[in-house]
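Chain A is the first sequence line, chain B the second, and so forth, proteins listed ahead of strands; every chain is numbered from 1. These values consider heavy atoms only, across backbone and side chains, with no hydrogens, waters or symmetry-generated copies.
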Number of protein chains: 2
Amino acid sequence: MLSPTEENYIKSIFHLSEDGQKEVSTNTISDEMNTSAASVTDMIKKLALKKLLDYRKYKGVKITKKGKLEALRLIRKHRLWETFLVRKLNFSWDQVHDVAEQLEHINSPLLVSRLDEFLGFPTVDPHGDPIPGNDGKLPVTNRKSLAEMELCTMGTVVAVKDSSSLFLKYLDKIGAVIGSKIEVLDRVDYDGSLEIEIDKKSRVFVSRDVADNIMMV
Amino acid sequence: MLSPTEENYIKSIFHLSEDGQKEVSTNTISDEMNTSAASVTDMIKKLALKKLLDYRKYKGVKITKKGKLEALRLIRKHRLWETFLVRKLNFSWDQVHDVAEQLEHINSPLLVSRLDEFLGFPTVDPHGDPIPGNDGKLPVTNRKSLAEMELCTMGTVVAVKDSSSLFLKYLDKIGAVIGSKIEVLDRVDYDGSLEIEIDKKSRVFVSRDVADNIMMV
DNA sequence: ATATTTTTTTAGACTAATCTAAATATTATC
DNA sequence: GATAATATTTAGATTAGTCTAAAAAAATAT
Ligand SMILES: [Mn+2]
Ligand SMILES: [Mn+2]
Ligand SMILES: [Mn+2]
Ligand SMILES: [Mn+2]
């Protein structure tokens, strides 16, 4: 059994390591968690003891198979709850993250499976992120960011990398929501900002940073 | 802001004091919470400092107005979640208590009001207990326990006092669920046990203890 | 290859929630 | 009203999660 705090660490480490591939440094984790590096050292020692991380002093951590499974269990719950909040309780996509951050720690396998069933076994959450299965399997997707798209090509928004309210409200404003079609009209090589056309209607300029956080297919 | 632990204490004290009327002793609380009396003393000091309890050394505690409101806020969430689990996720009434015990601590006013709306503003939970309003108001009910009923009178089951799985499964078995009609056929004065007829069909004997936990109208 | 800077770990301390054992107050009994 | 029993509080520890400051290791720059 993991405490909510341990669960949050393992989930963050999973994300920071790009789904468990890369090693993650102490400072990277402390930045993400808004805790001191000293606290992180304590916690990664504990998680290593529980075999969720491989830890080499001064070398950072790598998440183990067991750690990945724990992270995916949590991510599954997080995304199912976000889906519930949007589809059943009429939350907007920028309101769900913080509540799901709490709900993901509720411990009841029956609740998770019934929620999944109630929602009709959804495959993606309101931000376009895939929902891991009960076995912890994530579908492979071949997405690229808006920033990586070629000039004069058209794509569909399928997900967002940043779930902050500020970012999502901005996307709502310019109309770049999931499902909308975007064509890249021009790219400023100096800073990577783009001029885009959304749904054949509005033309807007977006920064490189914004374009990095919009995932297309 | 209260921690989940503080919330659990204030809720238990509210129940033990019969909705805030009576004083509650340290040992009564420690029994209910399964903690040591020493822990209770520490906690009631803290809650008294937060003005949720009136505490006089060696004399027990009485819940304040502020404390009652906190308790009712929690009870409202608990009962709304139980209702959700039964009505939307097909939990049975004996499966909901422990999960609701976790869900009640989720902190999101928007979530509570949307859940209330989604359920069509329910007034009672799956155990027949009234759901406090957003303002903390509880409807006054005039129920009496099955044990208090007169011989040869008929009543309807409206609530249960014990929400444990063991008790509820027993009620399912004998068919004494909410809405069923019960007539008291005979009472054993020695131990207060009863012979009852349920829904004009089956006759069973129930102990005084069971009869105490079935609320009738 | 040294010296400096950055990163990471260790040492020591704090708070919340818990415990056991000892001390003290209250209540019941004779 | 003294004594015994019970209830409650205090004292002192423990664990989880956090912090700051100091020490040590690793990375970078000269
Ligand atoms: Mn979380
Ligand atoms: Mn999401
Ligand atoms: Mn609880
Ligand atoms: Mn209930």
Item to check | Value in whole Å for how far the C1' atom of C/dC19 lies from CG of B/Asn34 | outcome: 14 Å

Next on the checklist: If I take atom CG in residue B/Leu47 and atom P in nucleotide C/dT18, what distance separates them, rounded to the nearest angstrom?
Outcome noted: 11 Å

Checklist entry - Within the structure, does a side-chain N or O atom of B/Tyr55 lie under 4.0 Å from either OP1 or OP2 of D/dT9? => result yes

Checklist entry - Angle class for the B/His78/B/His97 ring planes (parallel below 30°, perpendicular above 60°, tilted otherwise)? => result tilted

Next on the checklist: If I take atom CD1 in residue A/Ile44 and atom P in nucleotide D/dT18, what distance separates them, rounded to the nearest angstrom?
Outcome noted: 13 Å

Next on the checklist: Base, sugar-phosphate or nothing for A/Thr35? Non-hydrogen atoms, less than 4.0 Å.
Outcome noted: sugar-phosphate

Next on the checklist: Measuring to OP1 and OP2 of C/dT6, would you say a side-chain N or O of A/Asn27 lies under 4.0 angstrom away?
Outcome noted: no

Checklist entry - How close or far is atom C1' of C/dT9 from atom CZ of A/Arg56, stated in whole angstroms? => result 16 Å

Checklist outcome for this item: Comparing nearest nucleotides in DNA chain D, the 5'-proximal residue of the pair A/Tyr9, A/Tyr58 is A/Tyr9

Checklist outcome for this item: Here the distance between atom C1' of D/dT15 and atom CG of A/Leu49, to the nearest Å, is 15 Å

Checklist entry - Looking at B/Lys57, does any N or O in its side chain come under 4.0 Å of the phosphate oxygens OP1/OP2 on C/dT26? => result no

Checklist entry - Angle class for the A/Phe118/A/Phe84 ring planes (parallel below 30°, perpendicular above 60°, tilted otherwise)? => result tilted

Item to check | Candidate nucleotides C/dT27, C/dC19, C/dT9, ranked by approach to the side chain of A/Thr26 - the nearest | outcome: C/dT9

Checklist entry - Is B/Ser39 near enough to C/dC19 that one of its side-chain N or O atoms lies under 4.0 angstrom from OP1 or OP2? => result yes

Next on the checklist: Please pick, from C/dT9, D/dT9, D/dC19, the nucleotide with the shortest atom-to-atom distance to any side-chain atom of A/Ser36.
Outcome noted: D/dC19

Item to check | Closest to the B/Asp42 side chain, choosing from C/dT20, C/dT18, D/dC19 | outcome: C/dT18

Item to check | Rounded distance (Å) that lies between atom C1' of D/dA24 and atom NZ of A/Lys59 | outcome: 14 Å

Checklist entry - Parallel, tilted or perpendicular: which describes the rings of A/Phe167 and A/Tyr170, with under 30° parallel and over 60° perpendicular? => result tilted

Checklist outcome for this item: note: B/Met33, atom CE; C/dC19, atom C1'; distance rounded to Å ~ 15 Å

Next on the checklist: The side chain of B/Thr41 is closest to which nucleotide in this list: D/dT20, D/dT8, D/dA26?
Outcome noted: D/dT8

Item to check | Side-chain N or O of A/Ser25 closer than 4.0 Å to phosphate OP1/OP2 of C/dT7 | outcome: no

Checklist entry - Between C/dT18 atom P and B/Asn8 atom CG, what is the distance in whole Å? => result 9 Å

Checklist entry - Does A/Lys66 use its side chain to pair, donor to acceptor, with the backbone of A/Lys50 at less than 3.5 Å? => result yes

Next on the checklist: Closer than 4.0 angstrom, basic N to acidic O: yes or no for A/Lys11 and A/Glu101?
Outcome noted: yes

Checklist entry - Do the side-chain N or O atoms of A/Lys45 get closer than 4.0 angstrom to the phosphate oxygens (OP1, OP2) of C/dT10? => result yes

